[in-house]
J.: 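Got a structure for you, written out below as structure tokens; questions coming shortly.
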Amino acid sequence: MAERLEGTIERINGSIIIGKFKEEPKMGDLIEVGNLRLMGEIVRLSKETAFIQCYESTAGLKPGEPVIDIGTPLVAELGPGLMGQIIDGVARSETELWDLTGPFISRGANIPPLNREKVWKFEATAKKGDKVTAGDIIGTVQETDTFVHKIMIPPNHEGTIKSIKTGEYTVEDTVGVLETADGNVDLKMMQVWPVRVGRPIKERLELSQPLITGQRVIDTFFPCAKGGASAIPGGFGTGKTVTLQQIAKWSDADIIVYIGCGERGNEMADVVEQFPEIEDPKTGKKLIERTIIIANVSNMAVSAREASIYMGITIGEYFRDQGFDVSLMADSTSRWAEALRDISGRLEEIPAEAGFPAYLADRIANIYERAGKVMVPATQDREGSLTILGAVSPPGGDYSEPVTTTTLRFIGTFWALDSQLAYRRHFPAINWLRSFSRYLDVAARWWSELDSSWEPTRALALRILEEAAEIEETARIIGEKALPDDQRLVLLVAEMLREGFLVQSAFHDIDRFCSPEKQVKLMKIFTDFYNTVRPLIEQGIPIDQVRELNVIREIMRLKERDGTDPIDAARAQMLNEIDALTKQYQGVET
Ligand SMILES: Nc1ncnc2c1ncn2[C@@H]1O[C@H](COP(=O)(O)OP(=O)(O)OP(=O)(O)O)[C@@H](O)[C@H]1O
Ligand SMILES: [Mg+2]
């Protein structure tokens, strides 16, 4: 048990408590604050005087009440029982607190995230006499119907297994004993790790696979990589939450960590109530069986929100270490940054841009740098990845504000949500001219194996969309009809691509997920249409006649048709109709 150092409250400034200790306490240590024993953390230290960020409402606290340094930093509890849990940012089980007290948890209530009584069936896979090192898997637990939890030797341990036994245990029971250079260590299913420190890795690996989300504008145009980092900025109501939830539901990640850093309690309550109901398209069971939610649904202080991101990332890293592809969503990092600003203000630090502390960039970097594909420290090579996707909510949708611009420096994919598009109900409202992906090489390798023409097709589709944007500028001045026909063709195909490819409803039974096979085939029919019609336009067939082709409407509806057979049928129809038009026109000519 760590040593407990005592002190008293000197001053209270909102969520910041200034406490005076008998000796100098440790930066980052957890503190029990006041008679209610609220949770807090030392965020600044000046000898014996500590500035404590209190995670709960400090109303009613008085100078003179005790503060106790419990001698450990904020840690995440890691082990069986996490799956399906709703945990708050400072590692209390909201699931169980809710059952006890309802959504508004009484202050000072504290329930650890991992159930201490629950018995799990531990299947030992290591044997007596095995030489093991940190990260080595010593056994498994069937945690949910669909998820097998791997129990690992905790970081910074190595030795020889002295004993280990299959059986029924709680997370705190000893399942085996490890003989190390410094003596025997009891092996348990639960381990802890300080949330603000990244878990050790053996090696960072190059990203090699796209994260397939089933969302066309993302996968085809602005792909993310497994182990990559992505930002999704957007003003109020532009679709940040729906997009992140689509990725949570449909992406090919094994494990989902969903962090709700919301301002509004009811928004969080929605997440907490809806998520457990969502069916997992992969397994037919509930998505929650491979999801962990971090949400401050209780009436906790903003400062708990600041910690919640690190809690989520640490849990994500833990599953990454088991060899899984983990996707972490944070909605929204702006609320997290505001919490940081609030704390910094109360610490009376000198503010930088827009009132954010000067270390905002370092903190944002710390978050996204923990994404990656890694070789886990273990005797046998094992890879895992953690992908981080952060929503950003710039005030007034202004992307020049510090959180958005700073985030841009540390991410590989930028999905720029656009209020204009959202207003026109073009969803996902990802602006194809302002978004980008630095993982295109990774994606291109993968997609080209599926279809060798992927790269040129994608490039052409994007060029049509970009050219159309320029032509539209002119069209606004002189009118569309006054444009030359080749330009009007670009406008026509761009419109077809927008409606028939980019727009994708999260609520349509078929369209909500588009398989990679369907994405390529679908994209190709637009570019093939363009490539086939273009020579005809050059030969003088009027664009207005092309616009009359019946197949155009069919092409735009293909996304809502099941599978890829209708695409093949539409292609045949397209060639027939174009052929007929050519003949008809040549007939008129001669
Ligand atoms: N892919 C989509 N398909 C269909 N509708 C969508 C899609 N994305 C967003 N919408 C529509 O936009 C609305 C707002 O989306 P959402 O709640 O995700 O926005 P937000 O950016 O998270 O907003 P806030 O700033 O309030 O958090 C949704 O309720 C839905 O009607
Ligand atoms: Mg939202």
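We're numbering straight along the sequence, starting at 1. Just so it is clear, the model here is predicted, and its values are computed rather than measured.
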J.: Looking only at non-hydrogen atoms, find the nearest pair between Y439 and C224 and report the distance.
T.: CD1-CA, 3.8 Å
J.: Might you point out which heavy atoms bring Y318 and G79 nearest each other, and give the distance in Å?
T.: OH-CA, 3.5 Å
J.: Could you go through the side chain to side chain contact (heavy atoms under 4.5 Å, CB included) check for L211 and I247 one step at a time?
T.: CA-CA 9 Å; L211 178 77; I247 299 173; 4.2 Å; yes
J.: Show your reasoning for whether side chain to side chain contact (heavy atoms under 4.5 Å, CB included) applies to I313 and I388.
T.: CA-CA 8 Å; I313 293 176; I388 300 186; 4.1 Å; yes
J.: Run through D280, D254, D145, T144 and flag the one making a side-chain hydrogen bond (donor to acceptor under 3.5 Å, both in side chains) with R290.
T.: D280
J.: Calculate, to the nearest 0.5 Å, the distance between atoms SG and CD1 belonging to C54 and I343 respectively.
T.: 11.0 Å
J.: Go through the structure and list residues passing side chain to side chain donor-acceptor pair (under 3.5 Å) with T238, not counting sequence neighbours.
T.: none
J.: Has T405 got a side-chain atom pairing as donor or acceptor with P402's backbone, closer than 3.5 angstrom?
T.: yes
J.: State whether the side chain of R305 and the backbone N or O of R335 hold a donor-acceptor pair below 3.5 Å, judged by distance alone.
T.: yes
J.: What do the steps show when you test D342 against R346 for salt bridge (charged side-chain N to carboxylate O under 4.0 Å, His left out), and what is the final call?
T.: CA-CA 6 Å; D342 179 83; R346 291 182 192 285; 3.4 Å; yes
J.: So, taking the atom named OH in Y258 and the one named CD1 in I294, what distance separates them when rounded to the nearest 0.5 Å?
T.: 12.5 Å
J.: How are the rings of F436 and F414 set to each other: parallel, tilted or perpendicular (split at 30° and 60°)?
T.: parallel
J.: When rounded to the nearest 0.5 angstrom, what distance separates OG in S448 from CZ in R458?
T.: 11.0 Å
J.: Ring centres of F324 and F147 under 6.0 Å apart?
T.: yes
J.: Could you go through D451 and K524, starting from their C-alpha distance and side-chain angles, then the distance that decides it, and tell me whether this counts as salt bridge (charged side-chain N to carboxylate O under 4.0 Å, His left out)?
T.: CA-CA 10 Å; D451 187 317; K524 269 167 102 170; 2.9 Å; yes
J.: Can you name the closest pair of heavy atoms from K285 and T146 and give their distance?
T.: CG-CG2, 3.7 Å
J.: Check step by step if side chain to side chain contact (heavy atoms under 4.5 Å, CB included) holds for L465 and F221.
T.: CA-CA 11 Å; L465 289 165; F221 290 114; 4.3 Å; yes
J.: Does either side chain, that of T314 or that of E317, offer a donor lying less than 3.5 Å from an acceptor on the other one?
T.: no
J.: Atom CD1 of I315 and atom CD1 of I255: how far apart are they, to the nearest 0.5 Å?
T.: 11.5 Å
J.: On a heavy-atom basis, which atom in T213 and which in D219 lie closest, and how many Å separate them?
T.: OG1-OD1, 2.8 Å
J.: Decide whether K240 and S393 meet the rule of one side-chain donor and one side-chain acceptor closer than 3.5 Å.
T.: no
J.: Name all pairs fulfilling the salt bridge (charged side-chain N to carboxylate O under 4.0 Å, His left out) condition that reach into residues 221-239, sequence neighbours left out, sorted by first residue then second.
T.: K226-D252
J.: In chain order, what residues pass the side chain to side chain donor-acceptor pair (under 3.5 Å) check against T407, with sequence neighbours excluded?
T.: none
J.: Run the side-chain donor-acceptor check on residues 353-368: report pairs under 3.5 Å with partners two or more places apart or on a different chain.
T.:
| from | atom 1 | to | atom 2 | distance (Å) |
| --- | --- | --- | --- | --- |
| Y359 | OH | E349 | OE1 | 2.6 |
| Y359 | OH | E349 | OE2 | 3.4 |
| N366 | ND2 | D362 | O | 3.4 |

J.: Report yes or no: does W446 contribute a side-chain atom to a donor-acceptor pair with the main-chain N or O of L450 at less than 3.5 Å?
T.: no
J.: For P233, is there any backbone N or O sitting under 3.5 Å from a side-chain donor or acceptor partner on W415?
T.: no
J.: Flag the pair I510 / K518 as yes when at least one side-chain heavy-atom distance between them is below 4.5 Å, and no otherwise.
T.: yes
J.: Any donor and acceptor pair, going by atom type alone, linking the side chain of R438 with main-chain N or O of T413 inside 3.5 Å?
T.: no
J.: Test side-chain hydrogen bond (donor to acceptor under 3.5 Å, both in side chains) on Q519 and T220; report intermediate values, then the result.
T.: CA-CA 7 Å; Q519 292 192 41; T220 297; 2.8 Å; yes
J.: Salt bridge (charged side-chain N to carboxylate O under 4.0 Å, His left out), that's the test. Do R196 and E306 meet it? Break it down for me.
T.: CA-CA 11 Å; R196 295 183 194 273; E306 191 271 327; 3.0 Å; yes
J.: Consider only side-chain N and O atoms of Q191 and R199, and report whether a donor and an acceptor are under 3.5 Å apart.
T.: yes
J.: Could you check L82, L114, L78, I151 and say which one makes a side-chain contact (heavy atoms from CB on, under 4.5 Å) with M190?
T.: L114
J.: Which residues pass the side chain to side chain donor-acceptor pair (under 3.5 Å) test with R512, not counting sequence neighbours?
T.: none
J.: Between the main-chain N or O of K150 and the side-chain N or O of Q322, is there a donor-acceptor pair closer than 3.5 Å?
T.: yes
J.: I need the minimum non-hydrogen distance between T527 and L460, along with the two atoms involved.
T.: CB-CD2, 3.8 Å
J.: Applying side-chain hydrogen bond (donor to acceptor under 3.5 Å, both in side chains), run through T241 and D331 and close with a yes or a no.
T.: CA-CA 7 Å; T241 305; D331 186 9; 2.7 Å; yes
J.: Apply side chain to side chain contact (heavy atoms under 4.5 Å, CB included) to the pair I430 and L417, showing each step before the final yes or no.
T.: CA-CA 4 Å; I430 296 177; L417 292 176; 3.7 Å; yes
J.: Got a donor-acceptor contact below 3.5 angstrom from the E143 side chain to the M83 backbone?
T.: yes
J.: Whether the side chain of R216 engages the backbone of K559 through a donor-acceptor N/O pair (distance < 3.5 Å, no angle test) should be reported.
T.: no
J.: Show the numbers, then the answer: is there a salt bridge (charged side-chain N to carboxylate O under 4.0 Å, His left out) between E383 and K373?
T.: CA-CA 7 Å; E383 297 177 4; K373 183 177 159 130; 3.3 Å; yes
J.: Aromatic ring centroids of F513 and W250 under 6.0 Å?
T.: yes
J.: Which heavy-atom pair separates F319 from H149 by the least distance, and what is that distance?
T.: CE2-CE1, 3.8 Å
J.: Main chain of L287, side chain of T291: is a donor-acceptor contact present, judged purely on distance under 3.5 Å?
T.: yes
J.: Are the aromatic rings of F427 and F507 close, with centres under 6.0 Å apart?
T.: no
J.: Just how far is it from atom CD1 of I256 to atom OG of S327, taken to the nearest 0.5 Å?
T.: 5.0 Å
J.: Just grab all the salt bridge (charged side-chain N to carboxylate O under 4.0 Å, His left out) pairs involving residues 406-424, residues at least two apart or on different chains.
T.: none
